[in-house]
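Contents: one structure, followed by commentary.
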Amino acid sequence: MSPSVLWASAPGVSAAEASAAGASPSPSPTGNPAAVTLQDAQEHATNAAGWVEENWSTWLAIGLRVLLILAIAVVLRAVVRRAVTRLIERMNRTGQAMDGSGLGGLLVNAERRRQRSAAIASVLRSVASFLILGTAALMVLGAFQINLAPLLASAGVAGVAIGFGARNLVTDFLSGVFMILEDQYGVGDTIDAGVASGEVIEVGLRVTKLRGENGAIWYVRNGEIKRIGNLSQGWATANVDVTVKADEDLNRVKATLDAVAEKLSKEEPWNELLWGPVEVLGLDSVLLDSMVVRVSAKTMPGKSVTVERELRWRVKRAFDAADIRIVGGATATTEEDPVDPAAGVATPSTYANPESPQAQAAEPIPRARTAPPK
């Protein structure tokens with residue numbers, strides 16, 4: 001019989017004491033590492049299951065919120081981009097409708113409209129995507145209970161630093177955006193930008209590319225353009241000054257100029273370049289020996305120089321046929337009496353003759369020669 005049984009059968013010993021006495025000889029659990037590891041793993045698994053069971057609803061709500069935010073951002077971005085595309089297409093259709101009008105085809109062209117539409121669409125899409133996706137990112141971070149105050153403060157400081165460091169780039173970009181949105185100029189326009197002038201061949205958000213009169217290509221930063229003179233919008237003016245002698249018959253001069261203007265207005269292609277009648281404005285100035293008659297006309301933008309050259313050509317031929325003399329300058333030179341070329345020469349002096357008494361008296365006294373020592 002075992003000791004535990006004997007201890008239990010002994011008088012005065014309870015069953016609990018006998019059980020404790022029988023359990024005492026068994027080995028301690030701390031002496032078995034395998035049993036400890038399984039027990040800890042079971043406890044960890046139980047705790048994890050309990051934590052998941054307690055928080056799964058919270059994580060599910062956060063995940064659904066994030067998915068909803070992303071879905072709304074993607075859909076809103078697609079809608080905005082589609083709206084921008086439709087807006088640009090409507091602008092193009094409006095420009096094409098203007099081509100059928102009298103001034104529409106002359107004020108805009110296909111390349112200018114295409115580049116302006118592409119630039120505006122790019123700017124609007126970029127701004128919309130930045131705002132929508134940036135807002136969605138902040139909302140996602142807020143859904144995870146992340147404090148956005150330090151992040152926003154850091155972004156503000158970084159934005160200020162970048163703004164100071166790249167202020168010229170920011171100025172160029174913003175100036176380019178407003179130039180394109182306001183349609184100050186476009187491809188094909190002839191402009192005077194102050195620092196350079198010529199025909200616009202490319203309009204960018206940072207740089208405008210011009211081709212000068214001698215063929216040089218100028219790259220002008222949009223931030224450096226302080227003023228713009230567009231010579232291709234609206235209409236231009238062709239002015240021709242005709243200088244004739246003061247004794248010419250003004251009625252005959254005006255009749256000749258009117259005939260030239262009427263003939264020019266009826267011939268191709270000048271009738272398309274002229275946007276108004278060629279007018280003889282009258283005397284622009286009157287001098288003693290000449291007078292200036294001004295002829296003016298409204299022309300297609302950028303065609304004023306061409307019309308001026310044709311006007312001068314026709315006026316010269318008409319005046320030659322009408323025996324009207326055109327004076328070369330504003331004032332005519334008057335003939336004067338011939339001047340004797342020897343009048344400004346001084347009379348010969350008596351000192352020019354070395355044998356004259358005056359020349360001999362002016363000579364220095366010669367020194368006496370001393371005799372050499374013996």
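Worth saying up front: this structure is predicted, and the values here are computed from it rather than measured.
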- request: Look at Lys245 together with Glu248 and state whether they make a salt bridge at an N to O cut-off of under 4.0 Å.
  value: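 Glu248 and Lys245: not salt-bridged.
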Is [Y] close to [X] at the side-chain level, that is, under 4.5 Å between some pair of heavy atoms?
X      : Y      : result
Val295 : Val315 : no
Leu64  : Leu68  : no
Leu250 : Leu283 : yes
Ser129 : Arg81  : yes
Lys209 : Ile217 : yes
Met300 : Val307 : no
Ile225 : Tyr185 : yes
Arg125 : Thr85  : yes

Can you see which heavy atom on [X] is nearest to which on [Y], and at what distance?
X      : Y      : answer
Ala238 : Thr299 : CB-CG2, 3.9 Å
Ser304 : Ala236 : CB-CB, 3.9 Å
Val278 : Ala261 : CB-CB, 3.4 Å
Ala73  : Ala136 : CB-CB, 3.6 Å
Trp218 : Ser197 : CD1-O, 4.5 Å
Gly194 : Arg227 : CA-NH2, 3.7 Å

First locate atom [atom1] of [X], then atom [atom2] of [Y], and finally report the distance between them rounded to the nearest 0.5 Å.
X      : Y      : atom1 : atom2 : value
Thr208 : Met179 : OG1   : CE    : 6.0 Å
Leu70  : Met139 : CG    : CE    : 10.0 Å
Asp258 : Glu279 : CG    : CD    : 10.5 Å
Leu76  : Leu131 : CG    : CG    : 10.0 Å
Ile191 : Leu231 : CD1   : CG    : 8.5 Å
Arg294 : Thr243 : CZ    : OG1   : 10.5 Å

Is the side chain of [X] donor-acceptor paired with the backbone N or O of [Y] at a distance under 3.5 Å, no angle test?
X      : Y      : result
Asp172 : Gly223 : yes
Asp189 : Gly186 : yes
Glu308 : Asn239 : yes
Asn222 : Val177 : no

If you group Ile, Leu, Val, Met, Phe, Trp and Tyr by side-chain heavy-atom gaps below 4.5 Å, do [X] and [Y] land in one group?
X      : Y      : result
Leu174 : Ile180 : yes
Ile326 : Leu288 : no
Ile228 : Val200 : yes
Trp313 : Leu257 : no
Phe130 : Val84  : yes

Should we count [atom1] of [X] as having more than 12 external heavy atoms under 6.0 Å?
X      : atom1 : answer
Arg325 : CZ    : no
Leu60  : CG    : yes
Asn271 : CG    : yes
Glu213 : CD    : no

query: Of all residues at least two apart in sequence or in a different chain, which pass the salt bridge (charged side-chain N to carboxylate O under 4.0 Å, His left out) check with Arg82?
result: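 Listed in chain order: nothing, the list is empty.
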field: Sequence-distant partners of Arg314, salt bridge (charged side-chain N to carboxylate O under 4.0 Å, His left out), two or more places apart
entry: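 Partners of Arg314 by the salt bridge (charged side-chain N to carboxylate O under 4.0 Å, His left out) criterion, ordered by chain and then number, come out as Glu267, Glu310.
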- prompt: What's the verdict on side-chain contact (heavy atoms from CB on, under 4.5 Å) for Gln184 and Asn230, showing C-alpha distance, side-chain angles and the deciding distance?
  reply: CA-CA 8 Å; Gln184 298 180 5; Asn230 196 327; over 6 Å; no
- request: Apply side chain to side chain contact (heavy atoms under 4.5 Å, CB included) to Phe178 and list each qualifying residue two or more places apart in sequence or on a separate chain.
  value: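 Counting only residues at least two positions away or on another chain, Phe178 forms a side chain to side chain contact (heavy atoms under 4.5 Å, CB included) with Glu182.
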